[in-house]
2 protein chains.
Amino acid sequence: MDKKYTIKDIAQMAGVSKGTVDRVLHNRGKVSPAALEKINEVLNVIDYEPNLIARNLKSTKIYRICVLLPDPVFDPYWLPCVSGIQDAITEFKAYNVVIEIHYFNPESTKSFLKTNETIITQSPDAVLLTPLFHKETIEIIKQYDDLGIMVNTFNNQVESSSIKSFVGQDLYKSGRVAASLMNLILPKGQIAIIHIDESLKNAVHMQEKERGFRSYFEEKNLSNFSLTTLKLKYSNIETKLPAFINENPDLSGIFITTSKAYQIASTLSNVTEKKIALIGYDLIDKNVSFLNQGLVHFLIHQNQKRQAYLGVSTLADHFIFRKDIPETILLPIDIINVENASFYIS
Amino acid sequence: MDKKYTIKDIAQMAGVSKGTVDRVLHNRGKVSPAALEKINEVLNVIDYEPNLIARNLKSTKIYRICVLLPDPVFDPYWLPCVSGIQDAITEFKAYNVVIEIHYFNPESTKSFLKTNETIITQSPDAVLLTPLFHKETIEIIKQYDDLGIMVNTFNNQVESSSIKSFVGQDLYKSGRVAASLMNLILPKGQIAIIHIDESLKNAVHMQEKERGFRSYFEEKNLSNFSLTTLKLKYSNIETKLPAFINENPDLSGIFITTSKAYQIASTLSNVTEKKIALIGYDLIDKNVSFLNQGLVHFLIHQNQKRQAYLGVSTLADHFIFRKDIPETILLPIDIINVENASFYIS
DNA sequence: AAAAAAGGTGTGTTCGAGCACATTTTTTTA
DNA sequence: TAAAAAAATGTGCTCGAACACACCTTTTTT
């Protein structure tokens, strides 16, 4: 019953040749009704699963997947993605799948567009990208779609019917998780929601997290808390943050919506002795260092490595094994404190 | 440069036949020093990676892996393992790997031994088991070793040189994680560490968690807490727990070292109105239900599904792709509260 | 009625590794 | 030096799916 049937087996059972069975299996036509019926009868009885190894061995087609990634040189946030994609490269090297990373400067739309052009000249079978620049991404995706190049996204969500799949996290919910932890650390007081970003490219990202964060406090009617939003840039943290702390003596917690918690922690430790609860995102080295020092209380792990890995591996599995590509994959919102951090760092 | 070389390519480059190349690659001998050198020269220049698909297609050998699992009928704790193994079955069905689950009654050593005998008669290539019964497991593993059957373990750790691999969690550290969360919820008071188990088969498991839990409070010198250990059985929770609560009016938190937090939560809700912080293990339905009701504050996810999956998949990867089997795989200690639970339930 | 086209079927080759076996070359022995 | 043994090397088949192509049969066209 567990026996694995081959096309040859089916041919023998149906009393035809393997060529005819092949034509039936692939709907290639040129089969008489009589033969079709005989073969279908056999197929209904047995459970035929084509041998994927044999199929793959024969196919000489090489699948090309390009990954469009912000250069980690500009932001270490993207470093784990490289490692995730390298895992995929190793895994699928044996099959006829070539995966290439193309970097762009996350601060420059021009760089983004230029790298996309390079990719288009390569005419890959699929592209995985992070839609950092909303308007430009929509344009680009349309181009890919016209060329018949499949597009998957990760990290940032963008609405487009041309996108095959999205891998990421539920940002609203992750804001709620942060809020629930903050509520555990603090009995009351003022909480600042700090967005740090040079440009506005992460705007939606950050807003969703804030929305989730606020929704928790509103829903629970926690009136002994007051929430304030603060927008900062890398360049003005050192001046604006101390000023904000002076103006808000009741401040007892800060939720940082990006991976830049370390910048807040660092500035904070120079400015005040006061114990302020910090919750941020991502296990980048500097954040973990402050976590270990006790200056950051919790980090939410967005698992970019796995996001990137899943982004390409679903594509590769689709090409090699004809697996379906799930429309959305939402990764769990991992809660990290000093005690369990080491297990998430790879 | 990325070109994939075949044995035929190497043969051509070295000016020998593919048979000779094959003998060199597999150290099968019967190769002249001259030929050896020529081939090695080529191998040093190019980066030869055998085509795993072709290798696997040829091999007619069917690998058999047996999984020895406590029947989830007796304890739903084991249910996710079944699903994890089924994932592996689906994944490796295409290759020549047959994976079978054999159930035993976790309350009966006899059942454990009997199932092992059944497995031995099947003479599989490898066995994955949960060493619930320490003494019996040691015996059994020795038997498997003598028969040349590879043994992997998961969930419970057992010392034996015959064991190839262990997949699980660092229980000491998971106790510490629980402690750090408890310390966050409570400012002070008495905390009970409750072990619930019918027999002693989980003794080591539970003790490690307790040790970790206590170590956290000792290390931090948290003198405003007092820790008490309490051992219960399924049958006497309803009587002993209320009595314990009466005797300890200062009790403000409970750490349950097994997956039976729901039993404590259920009894507690009938006995007292007092808000007692509960931290337990595992995302079984009843636990999640109490988590959603707010009666359980945190659950630590032991991810049995992934444990079981990794247990067999490392074996299958070893057989198919000759991958190394890691000696220990420690899964992350996932912190779950009501806000992020849904993402971990599959 | 002959030729052409379309329909139907089977055969044979390919992919790359692995291994059995045949063949050639070298060395040893009588 | 010839025969036997050993060593070295090459050839050819297998695994299963995919597909090209050759072949035969039936239908359509001129």
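Below, each value reflects all heavy atoms present in this structure, side chains not excepted, and no hydrogens, waters or symmetry copies.
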From [atom1] of [X] over to [atom2] of [N], roughly how many Å is that when rounded to an integer?
X: B:N27; N: C:dC19; atom1: CG; atom2: P; value: 13 Å
X: B:K30; N: C:dT23; atom1: NZ; atom2: P; value: 17 Å
X: B:H26; N: C:dA20; atom1: NE2; atom2: P; value: 12 Å

Is there a donor-acceptor contact under 3.5 Å from the side chain of [X] to the main chain of [Y]?
X: A:H318; Y: A:K323; result: yes
X: A:Q307; Y: A:N155; result: yes
X: A:T328; Y: A:S165; result: no
X: B:T90; Y: B:Q86; result: yes

Could you list the donor-acceptor pairs under 3.5 angstrom formed between side-chain atoms of residues 157-164 of chain B and any protein atom two or more places apart in sequence or on another chain?
from	atom 1	to	atom 2	distance (Å)
B:S160	OG	B:S162	N	3.1
B:S162	OG	B:D145	OD2	3.2

Distance in Å, [X] [atom1] paired with [Y] [atom2], rounded so as to fall on 0.5 Å steps:
X: A:L43; Y: A:L25; atom1: CG; atom2: CG; result: 6.0 Å
X: A:N156; Y: A:T137; atom1: CG; atom2: OG1; result: 8.5 Å
X: A:C66; Y: A:I119; atom1: SG; atom2: CD1; result: 5.0 Å
X: B:L36; Y: B:R23; atom1: CG; atom2: CZ; result: 12.0 Å

Worksheet item: Taking OP1 and OP2 of C:dC19, is either one under 4.0 Å from a side-chain nitrogen or oxygen of B:R28?
Response: yes

Item to complete: Return the set of residues passing side chain to side chain donor-acceptor pair (under 3.5 Å) with B:Q169 (not counting sequence neighbours), or none when no residue passes.
Response: none

Worksheet, complete the sentence: Residue set satisfying side chain to side chain donor-acceptor pair (under 3.5 Å) with B:Y63, at least two apart, ordered chain then number -> none

Worksheet item: Going 5' to 3' on DNA chain D, which nucleotide is the first and which the last to come under 4.0 Å of a heavy atom in chain B?
Response: D:dA8 to D:dG16

Worksheet item: Over its full length, what angle do the end axes of the helix from C:dA1-D:dT30 to C:dA30-D:dT1 make, each axis taken from five pairs and the result rounded to 10 degrees?
Response: 60°

Item to complete: Please collect all salt bridge (charged side-chain N to carboxylate O under 4.0 Å, His left out) contacts where either partner lies in residues 114-123 of chain B, sequence neighbours excluded, each pair once.
Response: none

Item to complete: Can you run down the salt bridge (charged side-chain N to carboxylate O under 4.0 Å, His left out) pairs that involve residues 27-43 of chain B, sequence neighbours left out, and say none if there aren't any?
Response: B:D22-B:R28

Worksheet item: Do A:D334 and B:Y344 meet the criterion of a side-chain donor-acceptor pair at a distance under 3.5 Å?
Response: yes

Practice prompt. For the residue pair B:Y48 and B:D9, confirm or rule out a side-chain donor-acceptor distance under 3.5 Å.
Written response: no

Worksheet entry | Contact list for DNA chain C against residues 31-53 of chain B - heavy-atom distance below 4.0 Å | B:Y48, B:P50, B:N51

Worksheet item: Heavy-atom contacts under 4.0 Å between residues 6-19 of chain A and DNA chain C, which residues?
Response: A:V16, A:S17, A:K18, A:G19

Item to complete: Taking only heavy atoms on the protein side, list every residue of residues 314-321 of chain A lying under 4.0 Å from any atom of DNA chain D, sorted numerically.
Response: none

Practice prompt. Using salt bridge (charged side-chain N to carboxylate O under 4.0 Å, His left out) as the criterion, list what pairs up with A:K18, not counting sequence neighbours.
Written response: none

Practice prompt. Using heavy atoms to find the nearest nucleotide of DNA chain C for B:D22 and B:A54 separately, return the residue whose nucleotide is more 5′.
Written response: B:A54

Item to complete: Applying side chain to side chain contact (heavy atoms under 4.5 Å, CB included), run through B:K305 and B:D87 and close with a yes or a no.
Response: CA-CA 9 Å; B:K305 178 175 172 176; B:D87 282 358; 3.4 Å; yes

Worksheet item: Do the two ring centres, one from A:F104 and one from A:F112, sit under 6.0 Å apart?
Response: yes

Protein-nucleic acid N or O pairs under 3.5 Å, nucleotides 24-29 of chain C:
none

